[in-house]
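Heads up: the structure comes next, in structure tokens.
Positions are given from 1, in the same order as the sequence printed here. Remember, it's a predicted structure, so these values are computed and weren't measured experimentally.
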Amino acid sequence: MRIAIITESFPPDVNGVAHSVVRIAEHLVRCGHAPMVIAPAPSSSTRGLTGSHPYPVVRVPSVPMPRYRGLRLGLPSPKLSDALVAHAPDVVHLASPFLLGARGVALAGQQRLPCLAVYQTDVAAYARTYVGWGEATAWRWLRTIHNGADRTLAPSTSAAADLVAHGVQRVWLWRRGVDTVRFDPAKRHELVRKALAPNGELIVGYVGRLAPEKRVDLLAPTCKLPGVRVVIVGDGPARRDLQKALPEALFLGARHGVQLARLFASLDVFAHTGPHETFGQTVQEALASGLPVIAPATGGPVDLVIPGENGTLVPPEDGTAIAAAVAELVADPALRQRYGAAARAGVEGRTWAAVGDELIDHYRAVLAGPGVPTRVPVAA
């Protein structure tokens, strides 16, 4: 198959959308398919960090997102339609569609190309925070895009229910993969632990973008727990404010590859704070690293964290509850060990190859033609 992947984000961006597009495109190439990626052009300062890929990548003009200049918004220029025509795809894949995706679904309709849309970001929350749109306006825009596609894939049961509640049709569940070779408890490193917590504290980590909607400030009560060291890995527009709000925390900036995997495995507990996750890829990477996870009882983490088995779900936006859950794990090493073992075991089958094969099945389904009824997924 020839697949045109139109994505709102791609490396050098560091986020779940960019990462999943890379992994899926790599899998398609390995399986003998021919993907092409259409993505926003990076800023001039990061142009040399884009890397090389075993498939064509077409960059379209972009502008910085208001209030978050580190993210670029792709502009639906003629270059997009020219690239689509030149590639002659069998299927159009829209990754987290917003601006480029809106043009992509229109072009797919004009050219009678099967089209699949992947919902990966709480776009309504982003539009409200950074663009100034009301939530109703954002959902009208999203509904038009997704209902123009033959099928929408949602990453979690919560996201699927949200889509259906807002009038999106033909919704199917498609979860994300995790690299269980890279993220492995065996990467735990005592020298790393000594550097992070020289006094032998229990290490509680957050990994992800540092943006207002991630609510990393909720870790303030956890920072004050005796015998606990909070380590924050990531970067973003909220970093300076967070360093002021969490003076006791250790900020490491963005980390990647082997270094990131070693940091994950060297933590004792993973704390996720954001209430707007459609999936929660860093939660899954923490589970693969053998960590008990504390996360809000909303959105994607509800599918990943099983209370009493591999972690704890707490009320959203409740820093005191996060600290209480951390304190429970601090006091009970056996519970941490049990949760960590179950965490790893629960994700060992969720490889990128497995979910990539599922995606190829979805491509084949939309190629087979319309008429698939709306399906409201339920938790597996």
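- Between Leu116 and Leu153 the shortest side-chain heavy-atom distance falls below 4.5 Å.
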Apply side-chain contact (heavy atoms from CB on, under 4.5 Å) to Val118 and Leu94, showing your working. CA-CA 6 Å; Val118 180; Leu94 310 176; over 6 Å; no

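- With side-chain heavy atoms closer than 4.5 Å counting as contact, directly or through intermediates, the hydrophobic cluster containing Leu225 also holds Leu202, Val204, Tyr206, Leu210, Val216, Leu218, Leu219, Val228, Val230, Ile232, Leu242, Leu246, Phe251, Val269, Ile294, Val314, Ile322, Val326, Leu329, Val330, Leu335, Tyr339.
- Residues meeting the side-chain contact (heavy atoms from CB on, under 4.5 Å) test with Leu99, sequence neighbours left out: Glu8, Leu73, Trp141.
- The two residues Leu367 and Pro114 make their nearest non-hydrogen contact at CD2-CG, 3.9 Å.
- Under the 4.5 Å side-chain criterion, counting only non-hydrogen atoms from C-beta, Gln281 is in contact with Glu285.
- With rounding to the nearest 0.5 angstrom, the NE2 atom of His93 is 11.0 Å from the NE2 atom of His362.
- The two atoms that bring Arg239 and Gly253 nearest to each other are NH1-CA, 3.3 Å, heavy atoms only.
- Residues meeting the salt bridge (charged side-chain N to carboxylate O under 4.0 Å, His left out) test with Arg364, sequence neighbours left out: Asp361.
- Phe279 and Trp352 fall into different hydrophobic clusters, where Ile, Leu, Val, Met, Phe, Trp and Tyr are joined by side-chain heavy atoms under 4.5 Å apart, directly or via other members.
- Put simply, the side chain of Gln169 never gets that close to the backbone of Gly148: no donor and acceptor are under 3.5 Å apart.
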Under the side-chain contact (heavy atoms from CB on, under 4.5 Å) rule, what do Thr152 and Arg170 come out as? Steps first, then yes or no, please. CA-CA 6 Å; Thr152 285; Arg170 299 178 295 279; over 6 Å; no

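- Pairing each heavy atom of Pro316 with each of Pro275, the nearest pair is CB-CB, 4.4 Å.
- Among all heavy-atom pairs drawn from Pro155 and Thr278, the shortest one is CG-O, 3.3 Å.
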Using the rule given for side-chain contact (heavy atoms from CB on, under 4.5 Å), can you reason through His146 versus Tyr119, listing the C-alpha separation, both sets of side-chain angles and the distance that settles it, and then say yes or no? CA-CA 9 Å; His146 284 274; Tyr119 181 71; 4.0 Å; yes

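- The hydrophobic clustering, which links ILVMFWY residues whose side-chain heavy atoms are closer than 4.5 Å, places Met36 and Val105 together.
- In this structure, Val37 and Val58 have side chains that are not in contact, with every pair of non-hydrogen atoms separated by 4.5 Å or more.
- Separating the NE2 atom in His272 from the CG atom in Leu313 is a distance of 11.0 Å, to the nearest 0.5 Å.
- A continuous path of Ile, Leu, Val, Met, Phe, Trp and Tyr side chains, each step under 4.5 Å between heavy atoms, connects Leu287 with Val231, placing both in one hydrophobic cluster.
- Residues Thr282 and Phe270 have side chains in contact (heavy-atom distance under 4.5 Å, counting atoms from C-beta outward).
- Ser96 meets the side-chain hydrogen bond (donor to acceptor under 3.5 Å, both in side chains) test with Thr121; sequence neighbours excluded.
- Counting heavy atoms from C-beta on, the side chains of Thr157 and Val302 never come closer than 4.5 Å.
- Counting heavy atoms from C-beta on, the side chains of Arg229 and Leu250 come closer than 4.5 Å.
- Evaluation of the side chain to side chain donor-acceptor pair (under 3.5 Å) test over residues 216-227, restricted to residues two or more places apart or in two chains, returns Arg215-Asp217, Lys224-Glu248.
- Nearest approach of Gly205 to Leu267, heavy atoms of both residues: CA-CD1, 3.7 Å.
- Checking side-chain atoms of His53 against main-chain N and O of Tyr55 turns up no donor-acceptor pair under 3.5 Å.
- Clustering ILVMFWY residues whenever any of their side-chain heavy atoms sit less than 4.5 angstrom apart, transitively, puts Val60 in the very cluster that holds Val92.
- Gln284 places a side-chain N or O within donor-acceptor distance of the main-chain N or O of Gly177, the cut-off being under 3.5 Å.
- Taking the salt bridge (charged side-chain N to carboxylate O under 4.0 Å, His left out) definition, one finds that Glu348 meets it with Arg344, sequence neighbours left out.
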Taking it one step at a time, do Lys214 and Glu277 satisfy salt bridge (charged side-chain N to carboxylate O under 4.0 Å, His left out)? CA-CA 9 Å; Lys214 297 296 185 179; Glu277 301 298 327; 2.6 Å; yes

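- Separation of atoms NZ (Lys194) and CG (Leu191) is listed at 10.0 Å; rounding is to 0.5 Å.
- Between atom NE2 of residue His166 and atom CG of residue Leu142 there is a gap of 9.5 Å, rounded to the nearest 0.5 Å.
- The environment of Gln337 atom CD is sparse: at most 12 non-hydrogen atoms of other residues, nucleotides or ligands sit within 6.0 angstrom.
- Pro292 has its side chain out of reach of Asn310: every pair of non-hydrogen atoms, C-beta onward, lies at least 4.5 Å apart.
- Applying the side-chain contact (heavy atoms from CB on, under 4.5 Å) rule to Ser289 yields the partners Phe183, Phe264, Leu291; only residues at least two apart in sequence or on another chain are considered.
- Asp268 contributes a side-chain N or O that, together with a main-chain N or O of Ile203, makes up a donor-acceptor pair within less than 3.5 Å.
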Side-chain donor-acceptor pairs under 3.5 Å in residues 77-87, sequence neighbours left out?
residue: Ser77; atom: OG; partner: Lys79; partner atom: N; Å: 3.3
residue: Lys79; atom: NZ; partner: Arg59; partner atom: O; Å: 2.8
residue: Ser81; atom: OG; partner: Pro78; partner atom: O; Å: 2.9
residue: His87; atom: ND1; partner: Arg2; partner atom: NH2; Å: 3.2
residue: His87; atom: NE2; partner: Ile3; partner atom: O; Å: 3.4
residue: His87; atom: NE2; partner: Ala34; partner atom: O; Å: 3.0

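- Side-chain N or O atoms of Arg112 include none that pairs as donor or acceptor with a backbone N or O of Gly109 at under 3.5 Å.
- The minimum heavy-atom distance between Ile360 and Met1, with the atom names listed, is CG2-CE, 3.8 Å.
- Side chain of Asp150 to main chain of Cys115: a donor-acceptor pair is present (N/O by atom type, distance under 3.5 Å, no hydrogens or angles).
- One hydrophobic cluster, built from ILVMFWY side chains closer than 4.5 Å, cannot hold both Ile24 and Val14; they sit in different ones.
- By the salt bridge (charged side-chain N to carboxylate O under 4.0 Å, His left out) test, Arg350 pairs with no residue at all, sequence neighbours left out.
- Residues forming a side-chain contact (heavy atoms from CB on, under 4.5 Å) with Ser156 (at least two apart in sequence, or on another chain): Ser158, Ala159, Asp303.
- Applying the side chain to side chain donor-acceptor pair (under 3.5 Å) rule to pairs touching residues 12-34 yields Ser9-Asp13, Ser9-Asn15, Ser20-Gln120, His27-Asp357, sequence neighbours excluded.
- Note that CG of Leu28 and CG of Leu359 are 6.5 Å apart. Values are rounded to the nearest 0.5 Å.
- Counting only distance, with no hydrogens or angles, the side chain of Arg143 and the backbone of Gly167 share no donor-acceptor pair below 3.5 Å.
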Go through the steps for Leu263 and Leu196 under the test side-chain contact (heavy atoms from CB on, under 4.5 Å), then give the verdict. CA-CA 9 Å; Leu263 282 168; Leu196 298 177; 4.0 Å; yes

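- Shown here are the side-chain contact (heavy atoms from CB on, under 4.5 Å) partners of Pro64, two or more places apart in sequence or in another chain: Arg69, Arg72.
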